[in-house]
Amino acid sequence: MSDVLRFELDCELPDPGIRERTERLIGFEPRFERAQRDLLMLLAPDEIRRWSKRKHHRELPVCGILADRYPLMIFHGDVGTGKTATAEGIANRISGAIEQNARLMKLSTRVRGRGLHGEMSKLVGEAFDAVRAAAGNKGRVFLVIDEADALAASREGAQLHQEERAGTNTLIQKIDEMRALKGRVLVILCTNRLHALDPAIVRRAARIEEFTRPTEDERRELLRRDLDGLELTERDLERLVAATGPDPKTGRPGMTFSDIRTRFLPAAVSEVFPEHPLSCDVLLRVAKATMPSPAIV
């Protein structure tokens, strides 16, 4: 399988296109601030020892534990909550804080293969070999694996095919091997179903970050930003915030970020384009008619 098929994305960092997309993400900054120190420790494990000697005049025992962590983070949550976009944005942002050349490589689900005996393991192994080669001796690679439950399914499942078990085994083995590269490769798994991941992979994660549907404040910020220029009143905005949120009476969940930006807002514009202006009444009507993505359980 060619690298073109193996990786959905392979680009040098920092990338202006990713930076532009990141600027549109709601809630990115607090997530980045929470993850930043973990990221820097994972990417530069030797710096932990230097910090200890500088601040404590000795190497604390905890330094060995921190330096030996797996270079793995897991982002999990419902579809459309921004996991993959945040992973790409974090890689792009943190690349500016390190001096080495950096790359972002996003693994394609095509690496699962066609189900032939040994194929999935072979393709996963080849993909990680390509990542290792891209990192070289001095570079850094951020490897994002989207829909990670397709490659890292729990081996405890009775219905799991033998080929999938072998693929999970290979993925665990390759993540273990990345630890020896001392921060030159960081793996970020994105999944809608944390419970479906193999426990051995979850145990290896240095950080697990949950992505939830937008809060009331986040919906307000998103709508205020995306509808700037409509001259909505504060009451109009609050009605839209409520209309895109959960409905306790019916049990309907709130909209995801993706629901709002790729379904609700485009549908509202299509209601009036090109003859009429967009209004709060139209937005409210379309919001009530837009079914949020079902929650993943």
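If you read the sequence from its start, that first residue is 1, and numbering goes on from there. Keep in mind that the numbers below use all heavy atoms, side chains included, and drop hydrogens, waters and symmetry copies.
By the side-chain hydrogen bond (donor to acceptor under 3.5 Å, both in side chains) test, Asp226 is found to be paired with Arg261, residues two or more places apart in sequence or in another chain being considered. Residues passing the side chain to side chain contact (heavy atoms under 4.5 Å, CB included) test with Glu216, sequence neighbours excluded: Arg219, Arg220, Val241. Listed by chain and residue number, nothing satisfies the ring pair (Phe, Tyr, Trp, His ring centres under 6.0 Å) test with Phe128 (two or more places apart in sequence, or in another chain). Among residues two or more places apart in sequence or in another chain, the side-chain hydrogen bond (donor to acceptor under 3.5 Å, both in side chains) test is passed with Ser258 by Thr262. Partners of Phe257 according to the ring pair (Phe, Tyr, Trp, His ring centres under 6.0 Å) rule, which considers only residues two or more places apart in sequence or in another chain, do not exist here. Residues that satisfy the side chain to side chain contact (heavy atoms under 4.5 Å, CB included) test with Arg207, not counting sequence neighbours, are Arg34, Ala35, Asp38, Met73, Glu209. Residues passing the side chain to side chain contact (heavy atoms under 4.5 Å, CB included) test with Arg19 are Pro16, Glu23, Asn92, sequence neighbours excluded. Under the side-chain hydrogen bond (donor to acceptor under 3.5 Å, both in side chains) criterion, Thr86 pairs with no residue, sequence neighbours left out.
Using modelled atom types, one finds a donor on one side chain and an acceptor on the other under 3.5 Å when comparing Thr233 with Asp236. Looking only at atom types and distance, the side chain of Thr84 has a donor-acceptor partner in the side chain of Asp146 under 3.5 Å away.
Between Lys174 and Glu177, at least one side-chain N (NZ, or NE/NH1/NH2) sits under 4.0 Å from a carboxylate O, which counts as a salt bridge. For Arg224 and Glu221, the salt-bridge test fails: no basic side-chain N is under 4.0 Å from an acidic carboxylate O. Between Arg93 and Glu88, no side-chain nitrogen of the basic residue sits less than 4.0 Å from a carboxylate oxygen of the acidic one, so the salt-bridge criterion is not met.
When hydrophobic clusters are built by joining Ile, Leu, Val, Met, Phe, Trp and Tyr residues whose side-chain heavy atoms come closer than 4.5 Å, directly or via intermediates, Val79 is not grouped with Met255.
Evaluation of the ring-ring contact (aromatic ring centres under 6.0 Å, His included) test over residues 221-256, restricted to residues two or more places apart or in two chains, returns none. Residue pairs satisfying the salt bridge (charged side-chain N to carboxylate O under 4.0 Å, His left out) criterion with at least one member in residues 264-281, sequence neighbours excluded, are listed as follows: Glu271-Arg285. For the salt bridge (charged side-chain N to carboxylate O under 4.0 Å, His left out) condition, the pairs that include at least one residue of residues 55-66, sequence neighbours left out, are Arg49-Glu59. For residues 53-78, the ring-ring contact (aromatic ring centres under 6.0 Å, His included) pairs, not counting sequence neighbours, are Trp51-His56, Phe75-Phe211.
Closest heavy-atom contact between Ala268 and Leu278: O-CD1, 3.7 Å.
Shown here is Asn137, whose CG atom has no more than 12 heavy atoms of other residues, nucleotides or ligands within 6.0 Å.
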